[in-house]
Protein chains: 2
Amino acid sequence: MTLAFASPLDAAEGLPHTIPYYLADRIKAGIIRWRYPPESSLREVELAAEFGASRGPVREALRILEQQGLVVHVPRRGFKVKAYTPDDLRQLYRLRAQLEGEVIDALADKDVGVLTDALERANEVMCFYAKRGDIEKYFAANVDFHQLMIDSTESSVLRTIMHQVNAMSLSIRYALLSSDFSGRGDYDYHARITQALCKRDFKLARNLTIEHITANLARAVEVYAKALRKYEK
Amino acid sequence: MTLAFASPLDAAEGLPHTIPYYLADRIKAGIIRWRYPPESSLREVELAAEFGASRGPVREALRILEQQGLVVHVPRRGFKVKAYTPDDLRQLYRLRAQLEGEVIDALADKDVGVLTDALERANEVMCFYAKRGDIEKYFAANVDFHQLMIDSTESSVLRTIMHQVNAMSLSIRYALLSSDFSGRGDYDYHARITQALCKRDFKLARNLTIEHITANLARAVEVYAKALRKYEK
DNA sequence: CAAATGTAAATTGTCTACAATCCGTCGCTG
DNA sequence: CAGCGACGGATTGTAGACAATTTACATTTG
């Protein structure tokens, strides 16, 4: 998840091999970072010009994001960034907690050696950037930690769904981070979850994960509402 | 009488049917009914010709279905219908059961009067067509029953996610129905769930729903594998 | 006869152009 | 002065054309 505003065409050679995916990533990054705040309209020609593409791929990218719940489309009136109600947020966190718990359950009969190693490393990286005050890197490492677990699942179904839920929650998580950049609590939880996985105590890991995610809910609702007010004027 | 819809949230009205959504609906219907069996490739020009549209909207429709987990896209190699592994199916059913349980939980503080009426009606309709042997109508009514509950949720997040999960499970449910068209078990469960909701016994309704969905899992895996073999030769 | 290679058809990726629709504003009228 | 309607600009919806890549098949070669 890169933030750098690279030049449009040569950068398209990077991760996603086709333009629609590349655009979806970039637009998604913009939404997560509140460069396109909720309710702001995403005009096709503007985006096309910004990224040096044409409208076709832009539309495909927006369709992708629409299905991921990041963007709303009203026919003949265009695409706009989706805004969540407090109730949405509650349901979102609840779902994410439950599903990530499900992910851990699905790990129970697998070898988790490489996973726990990777988790530990991601957590160290996160800690490192926390001390340095680099929000972007910290955020990336934080996301990575959770993503590692999700990617370790064999089930494509679970991965698909988690992908959706995560996409919706990322902008809130980013706002949360920006508002309070201590990161202590997250590091602690991550370490304990990793440890539980090492010991193959999946039940504990599951409960810790659910707790970890749920712990941020109240603050998330508050911060999101505040951020919303800030941008809607 | 919609039995397959592709639009995510269906913004308040349905009239301005734009071509991409229409195509997504039609293609989705084709996938669910195994007209485009798993692993078969969905060629853009073919689809465009079949529905009298051009390739732009077709690509958008395929992107929508891709995000819904019905279609897989490989760059420069096109779109093809997704095939599920037995493990995928197990996870899918587990998820659907759990999430539909979640939907019922979310109903707990609401007035369910109109909902239970509608459920009862849908179930009668289903029963009617079961006796008549009309698979299509029966299937539609069956889907409607579950969809009614989902649509009654306020939370757009839950609706979005359920939409995904449902989309993936529909083709399996259709195969299941075609293979054994008694429909007795479903009717029974639906009636009991409705009754539990009438009495505001949400816990019972939840458990019944989970049981109802899970009950079909084993047979689903079997039937799907069989159908897969039939088409892959 | 098998493997490798070269060519042609098929398919996808992207762009430009044009048609349909919507929103805001200006002017007209009561 | 307020309300209604028409016009213009802006934006989306769709189609068709062209370029790039892949696949399949036939030919050549060891």
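Values reported hereafter were calculated over all heavy atoms of this structure, with side chains retained and with hydrogens, waters and symmetry mates removed. Predicted model only: the values in this text are computed from it and were never measured.
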Measure the distance from CD1 on B/I19 to C1' on C/dA19 and round it to the nearest whole Å. 12 Å
So, is the end of the A/R63 side chain (NZ or CZ) under 6.0 Å from the ring centre of B/Y21 and within 45° of the ring's axis? yes
Starting at the 5' end of DNA chain C and moving along, which residue's nearest nucleotide shows up first, B/E44 or A/R55? B/E44
Rounded to the nearest angstrom, tell me the gap between atom CG in B/L62 and atom C1' in C/dG13. 14 Å
Roughly how many Å is it from OH in B/Y22 to P in D/dG13, rounded to a whole number? 18 Å
For a 4.5 angstrom cut-off between non-hydrogen side-chain atoms, does A/T85 reach A/L89? no
On the nucleotide C/dT12, are OP1 or OP2 found under 4.0 Å from the side-chain N or O atoms that B/R76 carries? no
Of the options C/dT14, D/dA15, D/dT12, whose atoms approach the side-chain atoms of A/R43 most closely? D/dT12
Across the strands shown, which category fits B/G56 at heavy-atom distances under 4.0 angstrom: base, sugar-phosphate, nothing? nothing
Base, sugar-phosphate alone, or nothing: which one does B/L23 contact when heavy atoms must sit under 4.0 Å apart? nothing
side-chain contact (heavy atoms from CB on, under 4.5 Å) evaluation trace for A/V72 with A/V81: CA-CA 6 Å; A/V72 178; A/V81 180; over 6 Å; no
Ring of A/Y174, cation from A/R33 - is the NZ or CZ under 6.0 Å from the centre and inside 45° of the axis? yes
A/P57 or A/R77, whichever maps to the more 5' nucleotide of DNA chain C: A/P57
According to a strict under-4.0 Å criterion, is B/R59 in side-chain N/O contact with OP1 or OP2 of C/dG13? yes
B/E60 CD to D/dA15 P: how many Å, rounded? 11 Å
Nearest to side-chain heavy atoms of B/P20, which nucleotide of D/dA15, C/dG13, D/dT14: D/dT14
Interatomic distance, A/E46 CD vs D/dA10 C1' [rounded to whole Å]: 12 Å
Could you check how far NE2 of B/H73 sits from C1' of D/dT21, rounded to whole Å? 13 Å
Trace of the side-chain contact (heavy atoms from CB on, under 4.5 Å) decision for A/E39 with A/K82: CA-CA 6 Å; A/E39 295 295 350; A/K82 170 148 184 164; over 6 Å; no
